[in-house]
Amino acid sequence: MDLQKITDQVIVLVKEVGIYLKGEQHKITSEIIEKKGRNDFVTYVDKTAEQKLVDKLKEILPDAGFIAEEGTEIKKSEIYNWIIDPLDGTTNFIHGLKPYSISIALQKKEEIIIGVVYEVGLDECFTATKNGGAFLNGEKIFVSKTKELSESLIATGFPYYDYSRLPNFMKSLQYFIENTHGVRRFGTAATDLVYVACGRFEAYYEYGLQSWDVAAGTLIVQEAGGKVCDFSGGNNYIFGKEIIVGNSNVFDSFFAKIDGFYNI
Ligand code: IPD
Ligand code: CA
Ligand code: CA
């Protein structure tokens, strides 16, 4: 399988669908917003974008299955599966904000082998193939070299439906506010991940996530030299709903802090 050729086809696709997303954002009104759960929104734009992605990805790899957020195609295959979020940052999108992204990963058995995150607002396409490095609009990217948490900019997502660990989160947030360059909540996990990959953030953590939020971004971070784990230090960060990411220098101390706040 030619991973680079497939990645190039996916890049063309996400740019096409990105133009669609951009063109629809100003048409969003409160009447067309549907609620999937508490603070969990969806519009015809998410669904149409997903349909466009699935249709084309089926042509690119006819035998692959899909794990797609809006459930357009629920077929799972034994070897290859696309893991898709057609619009990561729906809350930003419906409030007229950026950033918002398209996130597409190709999984071979248990391993992610292609990751593409296209942040539509700034027209930035982040890509990676397994063992092939990570790129932003075709230029190689690397995580930052910052060594100290005290000199790091941290990204996170605020809990918005699962408040079971909110007290732990608030303690960790206070610590990072007081002991780093600051904390950002951009509203798109896929973008948070690729911003660690290109060195804009040193580290990122969040719980309550889904596989389509993180599958592509985690490969991009790893291929850029970063490290990823779940809240227990293990590898269940794609389907385990929680993730810790950092450049290789701050990762251990960042994990130790989060471990101290969550695993007590
Ligand atoms: C959400 C975004 C957000 C994160 C949420 C996700 P959606 O995805 O990634 O940053 O905090 O957990 O659900 O709903 O906009 O695709
Ligand atoms: Ca998402
Ligand atoms: Ca989404």
Side-chain angles (χ1 to χ4, degrees), residues 14 17-18 20-22 24-25 28 32-54 66-74 82-105 112 115-121 126 154-166 168-170 172-173 183-197 200-201 203-218 220-221 228 230-231 237-245 258:
V14 292
V17 177
Y20 167 73
L21 293 178
K22 220 172 200 166
E24 297 302 304
Q25 193 178 20
I28 302 296
I32 59 103
I33 299 167
E34 298 166 44
K35 234 177 164 180
K36 291 192 286 184
R38 187 186 170 92
N39 290 330
D40 189 6
F41 306 108
V42 66
T43 70
Y44 72 92
V45 182
D46 304 62
K47 293 177 190 172
T48 309
E50 187 169 289
Q51 188 69 60
K52 287 176 188 287
L53 295 171
V54 166
F66 290 88
I67 300 170
E69 178 172 14
E70 309 310 339
T72 304
E73 185 76 38
I74 46 173
W82 295 103
I83 306 180
I84 302 177
D85 190 337
L87 173 47
D88 187 56
T90 295
T91 303
N92 284 353
F93 188 79
I94 64 183
H95 285 270
L97 293 169
K98 299 164 186 164
Y100 55 91
S101 293
I102 299 168
S103 176
I104 299 184
I112 306 296
V116 174
V117 172
Y118 179 47
E119 199 287 291
V120 180
F126 298 83
I154 309 296
T156 190
F158 301 150
Y160 63 97
Y161 72 96
D162 172 3
Y163 302 120
S164 59
R165 288 183 279 176
L166 189 55
N168 312 66
F169 175 75
M170 294 310 287
S172 67
L173 187 61
V183 180
R184 298 288 181 268
R185 198 295 190 238
F186 269 25
T188 138
T191 306
D192 291 325
L193 286 163
V194 295
Y195 278 16
V196 175
R200 293 174 186 164
F201 296 140
Y204 160 67
Y205 72 117
E206 183 167 353
Y207 77 85
L209 295 165
Q210 301 291 341
S211 60
W212 45 75
D213 298 318
V214 299
T218 48
I220 297 170
V221 169
V228 187
D230 59 32
F231 277 23
Y237 49 79
I238 291 183
F239 293 95
K241 299 185 183 246
E242 52 186 40
I243 195 163
I244 296 173
V245 174
I258 294 168

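In each ligand, atom 1 is the first atom listed, and ligand 1 is the first ligand listed. All heavy atoms count here, side chains included; hydrogens, waters and symmetry mates do not.
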Closest protein heavy atom (residue, atom, distance) for atom 6 (C) of ligand 1: Tyr160 OH, 3.7 Å
Contact partition for Gln210 relative to ligand 1, non-hydrogen atoms under 4.0 Å: neither
Partner residues of Ala68 under the side-chain contact (heavy atoms from CB on, under 4.5 Å) criterion, sequence neighbours left out: Glu50, Ile84
Sub-3.5 Å N/O-N/O distance, Gly157 and ligand 1: no
Where Ile243 and Tyr237 come nearest, the two heavy atoms and their spacing: CG1-CB, 4.0 Å
Sum of protein N, O or S atoms, each under 3.0 Å from the Ca ion (ligand 2): 3
Heavy-atom closest contact (Val17 atom, Lys52 atom, distance): CG2-CB, 4.0 Å
Non-neighbouring partners of Phe201 that pass ring-ring contact (aromatic ring centres under 6.0 Å, His included), sequence neighbours left out: Phe186, Tyr195
Partner of Asp46 under side-chain contact (heavy atoms from CB on, under 4.5 Å), chosen from Thr72, Ile94, Asp88, Leu87: Leu87
Matching residue for Lys47 among Glu34, Glu69, Glu70 - test: side chain to side chain donor-acceptor pair (under 3.5 Å): Glu34
Heteroatom distance test (Thr91, ligand 1): nitrogen or oxygen, under 3.5 angstrom: no
Residues forming a side-chain contact (heavy atoms from CB on, under 4.5 Å) with Ala216, sequence neighbours excluded: Ser103, Ala105, Val117
Close N or O approach (Gly187, ligand 1; < 3.5 Å): yes
Per-atom contacts, ligand 1 versus Thr188 - under 4.0 Å to a heavy atom: 2 (C), 9 (O), 10 (O)
Ligand 1 contact on Asp213 by region, counting heavy-atom pairs under 4.0 Å: side chain
